[in-house]
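Just below is one structure, and these are the notes that go with it.
Order of the sequence lines fixes the chain letters, A, B, ..., with proteins taken first and strands second; residue numbering starts at 1 for each chain.
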2 protein chains.
Amino acid sequence: MLLSKSCVYGLRASLYLAARNQGEFIPIRTMSDKLEISFHFLTKILQQLTAEGILESFKGPNGGVRLTREGTEIQLIDIVLAIDGPQLLTECALGLPGCGVKNPCPLHDKWAETRDAIHEMLEKTTLTELVHKGKLENLRLTTEGGFDILFDN
Amino acid sequence: MLLSKSCVYGLRASLYLAARNQGEFIPIRTMSDKLEISFHFLTKILQQLTAEGILESFKGPNGGVRLTREGTEIQLIDIVLAIDGPQLLTECALGLPGCGVKNPCPLHDKWAETRDAIHEMLEKTTLTELVHKGKLENLRLTTEGGFDILFDN
DNA sequence: TATTATTGAGACTCTTTTATCTTAAAATAC
DNA sequence: GTATTTTAAGATAAAAGAGTCTCAATAATA
């Protein structure tokens, strides 16, 4: 699996927040219901994003979480790094420690190229870009639900 | 992690076999020693490759395993599919079931492109190609050991 | 001030992956 | 045929990832 489940949930939640970003705090419970993710599990994931400064949170009634920056300024890579860390973009494909230009494994060059392609995709894609596309074409953010059902309350 | 540890071990072992392929059976114990992989764990992994027809095995004294085809005719993708299955090349980046051209997630198009790059790399790279490169430049197959130390007995 | 709605933090459980250990089966050599 | 070397298979254990539960902390509001 390319991304951990935590990371995937973090991405879906971030898209949700970017999609309805009017500056207000959204309760995690609302998101966990809409996105069909366990509330407590999602809470832990969003805590990581908050710790990394991608989200900010507010406790108490009318509390919740929101993006600290505009969706145009948040790249997928920000969320992936916050949750899964840099391993995907740094690790050797054959699992050898310290694999790099100086001390490569036989697969290093080819894997470095492929890895760069992944990196570039994650780095060039913003939340807003995906939200725009998702809204236009009513794409899915959950097994059944298109973007539209995420805004009906 | 892109590939499971089992898959990585399977790749390293396959490179080892391709590197010293003179048609003879190599004991798994020899490989597990040289590659610094737990013997029993490696045995189970190689059993999968045997079940998939990538290796053949022989029991008893002078037994072991060997490649069924020439290293020139075994691509990395063969080993990845045998051990990790097709998930890496088919799964949705946002974990949505049935994500595809017909019912995509917002990330589908971009991820499909990146995934194709991974697929192509795995599909175009043969064991022999990596072995050749590894032998020429004495690259690593293990934390410390270059290709050369794998042939000294 | 008491109640309620919310996030934060930690303990705990379940599942999957990784790794080990034991025994069986097959082939060889003596 | 018996002992030895090897893979095959399955049980068990340890570690990591995924998910749940409980309680504390904070803020709003009645």
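Ionic pairing of B/Asp109 and A/Lys133 is present here: one or more N-O contacts between side-chain nitrogen and carboxylate oxygen are shorter than 4.0 angstrom. By the 4.0 Å N-to-carboxylate-O rule, B/Lys110 lies close enough to A/Glu129 to be salt-bridged with it.
Counting to the nearest Å, the P atom of C/dA9 and the CD atom of A/Gln48 are 12 Å from each other. Going from atom CD of B/Gln47 over to atom C1' of C/dT20 covers 14 Å, rounded to whole Å. Summarising the geometry, the separation between CZ on B/Arg12 and P on C/dT18 is reported as 13 Å, rounded to the nearest angstrom. Taking atom OH of B/Tyr9 as the reference point, atom C1' of C/dT20 lies 13 Å away to the nearest angstrom. Atom CZ of A/Arg29 and atom C1' of C/dT7 are 12 Å apart (whole Å). C/dA5 atom C1' lies 15 Å from atom CD1 of A/Ile26, rounded to whole Å.
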> Would B/Tyr16 and B/Arg20 count as a side chain to side chain donor-acceptor pair (under 3.5 Å) if you check the C-alpha gap in whole Å, the side-chain angles of each, and the deciding distance to 0.1 Å?
Replying inline: CA-CA 7 Å; B/Tyr16 182 98; B/Arg20 44 179 300 180; 3.0 Å; yes

> How far apart are the C-alpha atoms of B/Thr68 and B/Glu56, what are their side-chain angles, what is the distance that settles it, and do they pass the side chain to side chain donor-acceptor pair (under 3.5 Å) test?
Replying inline: CA-CA 6 Å; B/Thr68 53; B/Glu56 55 194 335; over 6 Å; no

>> Checking B/Met121 against A/Leu107 for the side chain to side chain contact (heavy atoms under 4.5 Å, CB included) test, could you report, in this order, the C-alpha distance in whole Å, the side-chain angles of both residues, the deciding distance, and whether it holds?
In response: CA-CA 10 Å; B/Met121 187 271 279; A/Leu107 193 49; 4.3 Å; yes

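Taking the side chain as every heavy atom from C-beta outward, B/Leu3 and A/Leu94 never approach each other to under 4.5 Å. Contact of the B/Ile74 side chain with the B/Leu127 side chain is registered, since non-hydrogen atoms from C-beta on lie closer than 4.5 Å.
For DNA chain C, the neighbouring residues in residues 37-45 of chain B, judged by any heavy atom under 4.0 Å, are B/Ser38, B/His40, B/Phe41, B/Lys44. The stretch residues 49-62 of chain A touches DNA chain C through A/Ser57, A/Phe58, A/Lys59, A/Gly60, A/Pro61, each having a heavy atom within less than 4.0 Å of the strand.
Counting non-hydrogen atoms under 4.0 angstrom, A/Leu46 reaches nothing in the nucleic acid.
For the 3.5 Å distance criterion, the side chains of A/Gln75 and A/Thr126 fail to qualify, holding no donor opposite an acceptor.
By the rule that hydrophobic residues join a cluster once side-chain heavy atoms approach within less than 4.5 Å of another member, A/Met1 and B/Leu122 end up as members of separate clusters.
Of the possible donor and acceptor atoms, one in the side chain of B/Asn138 sits under 3.5 Å from a partner among the backbone N and O of B/Phe147. No donor-acceptor distance shorter than 3.5 angstrom exists from the side chain of A/Gln48 to the backbone of A/Leu46, with no hydrogens or angles considered.
Nucleotides of DNA chain D that come within less than 4.0 Å of any heavy atom of chain A span, from the 5' end to the 3' end, D/dA18 to D/dT29.
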